[in-house]
Amino acid sequence: MSAPYHAPGRAELDVAIMGAGFSGLCIAIALKKAGYKSFQVFEKANDLGGTWRDNRYPGCACDVPSHLYSFSFEQNPDWSRSFSPAPEIWRYMKACAEKYGIEPQLRFGAAVTDAVFDEANRFWRITLANGRTTTARALVSGVGALHLPAYPKIKGLENFAGQAFHSAEWDETLDLTGRKVGVIGTGASAIQIVPAIAAKVAHLTLFQRTPAWVLPRMDKSFSQRAKKLFRAVPGLQRFFRSAVYLRLEMAALGFLGNRKLMQRVEKLALGYLGRSVEDPATREALTPHYQIGCKRILISDDYYQAFNRPNVSLVTQPIDRITEKGIVTADGTLHELDTIIYATGFRANEPLAELNIVGRGGHTLAHEWRFGAEAFYGITVAGYPNFFMLLGPNTGLGHNSIIFMIEAQVRYIRHCLGWLFREGATEIDVRRAVQKRFNEKLTAQMERTVWHSGCRSWYLNENGTNSVIWPGFTLSYWWQTRQPDPHDFVIAVPEPAPSALA
Ligand SMILES: Cc1cc2nc3c(=O)[nH]c(=O)nc-3n(C[C@H](O)[C@H](O)[C@H](O)COP(=O)(O)OP(=O)(O)OC[C@H]3O[C@@H](n4cnc5c(N)ncnc54)[C@H](O)[C@@H]3O)c2cc1C
């Protein structure tokens with residue numbers, strides 16, 4: 001059933017997009033291709049790129065093969081390696097923006113702080129950090145789930161006399177030669193940073209709370225011949241991409257509860273650890289004692305090997321405090337340092353944390369999500385009409401390319417925007433009961449997965465709720481979101497209602 005109709009006010013824009021990472025870029029390209037003219041991408045930084053603009057630490061690269069970690073509609077035969085470095089991914093994104101003519105739509109230095117749904121006019125009132133305001137009939141968030149750095153809560157952090165920074169805030173002019181460096185964290189960034197800087201520094205101390213499960217990355221460069229073949233043979237690259245996709249998708253079986261498969265993967269990882277680390281005590285300290293997959297599985301060809309170097313040490317004692325001179329661990333030892341790198345990840349569990357999104361009735365998303373974020377397919381939230389998210393709650397992955405999810409969401413949102421801009425609807429809002437049923441099912445599914453097998457991971461918030469991961473196959477997400485069902489939404493339409501929306 002449709003809501004009663006009253007005419008909308010006139011908004012400056014049809015669509016406002018927040019963020020110019022892979023998400024913002026993907027929806028902007030889709031809108032451009034579909035002939036939309038009145039849209040803008042508000043990006044708080046001074047360039048596009050998101051993750052791949054911000055993360056400039058040595059060794060930064062994707063951990064999903066590049067031929068899959070890229071847009072399906074813009075395949076690149078020239079990837080230099082299986083897992084291309086960050087600057088190359090960033091260049092790819094810029095080339096996409098140029099090729100699809102997105103640049104005129106980009107507004108840099110434009111951090112959105114507030115977006116308030118104006119119920120009388122049925123549009124979003126958007127405020128930027130610089131005080132500028134605009135209005136848009138639809139609002140799309142592409143602000144990223146791994147965007148806001150998470151700093152550890154350690155006593156005395158501010159007392160350190162040396163240089164301390166987060167891995168996502170790396171200064172490329174920084175020279176670590178001869179320094180005594182401490183790295184805090186054992187996640188995806190740390191395992192790329194440690195081997196990349198180990199040979200340069202005087203000493204590297206890795207402070208580990210929990211060891212990661214690590215598998216070999218098997219990274220290799222593509223020869224000129226391979227690149228030529230990708231370019232020349234029709235369908236070869238698509239075939240290669242599909243093969244990579246299916247291989248990764250199979251791994252979901254393990255994450256979703258096939259313990260036997262995961263035990264086999266554990267064996268592989270332990271074998272790799274055994275072969276790679278020479279010192280038995282270090283090997284033991286690097287051995288995880290939780291189910292593989294519960295935390296993100298990491299891949300590296302040189303992380304373990306770095307611990308064979310005489311200038312690299314592993315500290316497993318908990319950190320007690322930071323002093324002027326370095327890090328003091330619980331056993332009272334002072335580890336003297338002149339540089340501390342916080343490889344402590346991102347505030348993944350606080351999506352849209354820096355934004356004040358106000359929906360119907362003056363309700364804020366921050367309040368709505370105070371016990372954990374939830375949405376409908378991670379895309380829409382009841383009470384926030386004409387608002388769409390890319391990589392919203394429960395659409396992160398532990399096993400495959402997130403760009404696949406972004407593309408599925410863009411297709412879904414494009415359909416919804418079609419209702420608004422092609423079929424005359426003025427407002428669409430997912431039904432609360434539909435969203436509730438969806439999340440009950442999702443929670444039940446989640447409980448059977450490896451992510452709920454008992455470890456402490458960044459996927460879980462302090463209440464133990466997982467609002468990060470999609471607990472299923474990406475193929476099933478793609479299938480379920482191939483077209484939005486109008487019955488899931490309250491749709492305000494002029495009378496008489498267009499048949500597709502009735
Ligand atoms: C080091 C690293 C490696 C990764 N490797 C992989 C990988 O191999 N495979 C994989 O699938 N995923 C990987 N990821 C996850 C990665 O974040 C996603 O793949 C993808 O880049 C997300 O794109 P996005 O556009 O949604 O977010 P982001 O890339 O985070 O972009 C968000 C953009 O929004 C902007 N923004 C934020 N807030 C505002 C605001 N209020 N107003 C305006 N603009 C705003 C930001 O400045 C940023 O440019 C990795 C993440 C990191 C950090």
Side-chain angles (χ1 to χ4, degrees), residues 16-28 40-71 82-86 89-90 92-93 106-115 126-130 132 139-150 166-170 187-193 217 219 244-245 248 296 298-299 343-348 350-357 378 389-392 395-407 409-410 458 468 470 474:
I17 299 165
M18 302 184 281
F22 265 115
S23 292
L25 203 55
C26 189
I27 184 94
Q40 284 184 6
V41 185
F42 297 97
E43 166 54 57
K44 74 173 179 186
N46 289 320
D47 206 337
L48 60 82
T51 292
W52 306 104
R53 173 201 66 225
D54 291 343
N55 288 272
R56 293 166 182 233
Y57 59 78
C60 184
C62 52
D63 55 14
V64 163
S66 294
H67 283 266
L68 180 62
Y69 189 71
S70 44
F71 291 130
S82 332
F83 301 92
S84 301
I89 303 173
W90 192 23
Y92 164 84
M93 295 174 79
L106 297 169
R107 299 286 169 273
F108 292 129
V112 177
T113 56
D114 297 77
I126 296 157
T127 308
L128 305 183
N130 61 14
R132 269 192 50 215
L139 177 66
V140 181
S141 165
V143 298
L146 303 183
H147 167 63
L148 302 171
H166 190 275
S167 57
E169 292 161 346
W170 200 282
S189 300
I191 75 150
Q192 293 184 336
I193 292 170
R217 181 155 77 151
D219 187 24
V244 174
Y245 170 77
L248 296 184
R296 193 174 174 84
L298 307 181
I299 53 169
T344 41
F346 300 86
R347 289 158 60 190
E350 302 166 65
L352 309 173
E354 282 191 333
L355 277 161
N356 179 37
I357 309 267
M389 289 171 292
L390 292 160
L391 300 187
T395 60
L397 298 176
H399 72 285
N400 213 324
S401 170
I402 206 74
I403 297 177
F404 182 89
M405 299 295 270
I406 294 174
E407 286 191 29
Q409 292 165 356
V410 163
W458 57 265
V468 174
W470 168 249
T474 62

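Start at 1 and go down the list; that is how both ligands and their atoms are numbered.
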Q. Who passes ring pair (Phe, Tyr, Trp, His ring centres under 6.0 Å) against Tyr92, sequence neighbours left out?
A. Trp79
Q. For Arg107, which residues count as a side-chain contact (heavy atoms from CB on, under 4.5 Å) partner, sequence neighbours excluded?
A. Gln40, Phe42, Ala110
Q.
Applying side-chain contact (heavy atoms from CB on, under 4.5 Å), can you list everything that pairs with Ala150, at least two apart in sequence or on another chain?
A. Arg347
(Q) Using a 3.5 Å distance criterion without hydrogens, assess whether the side chain of Thr113 forms a donor-acceptor pair with backbone atoms of Thr127. (A) yes
Q. Counting only N and O atoms by type, is there a donor-acceptor contact under 3.5 Å from the side chain of Trp90 to the main-chain atoms of Thr51?
A. no
Q. Name the residues with a heavy atom less than 4.0 Å from ligand 1?
A. Gly19, Ala20, Gly21, Phe22, Ser23, Phe42, Glu43, Lys44, Gly50, Thr51, Trp52, Arg53, Asn55, Tyr57, Cys62, Asp63, Val64, Tyr69, Ala110, Ala111, Val112, Gly142, Val143, Gly144, Leu146, His147, Phe346, Leu355, Leu391, Asn400, Ser401, Ile402
(Q) Pair Tyr245, Thr474 - check side chain to side chain donor-acceptor pair (under 3.5 Å), show working. (A) CA-CA 10 Å; Tyr245 170 77; Thr474 62; 2.6 Å; yes
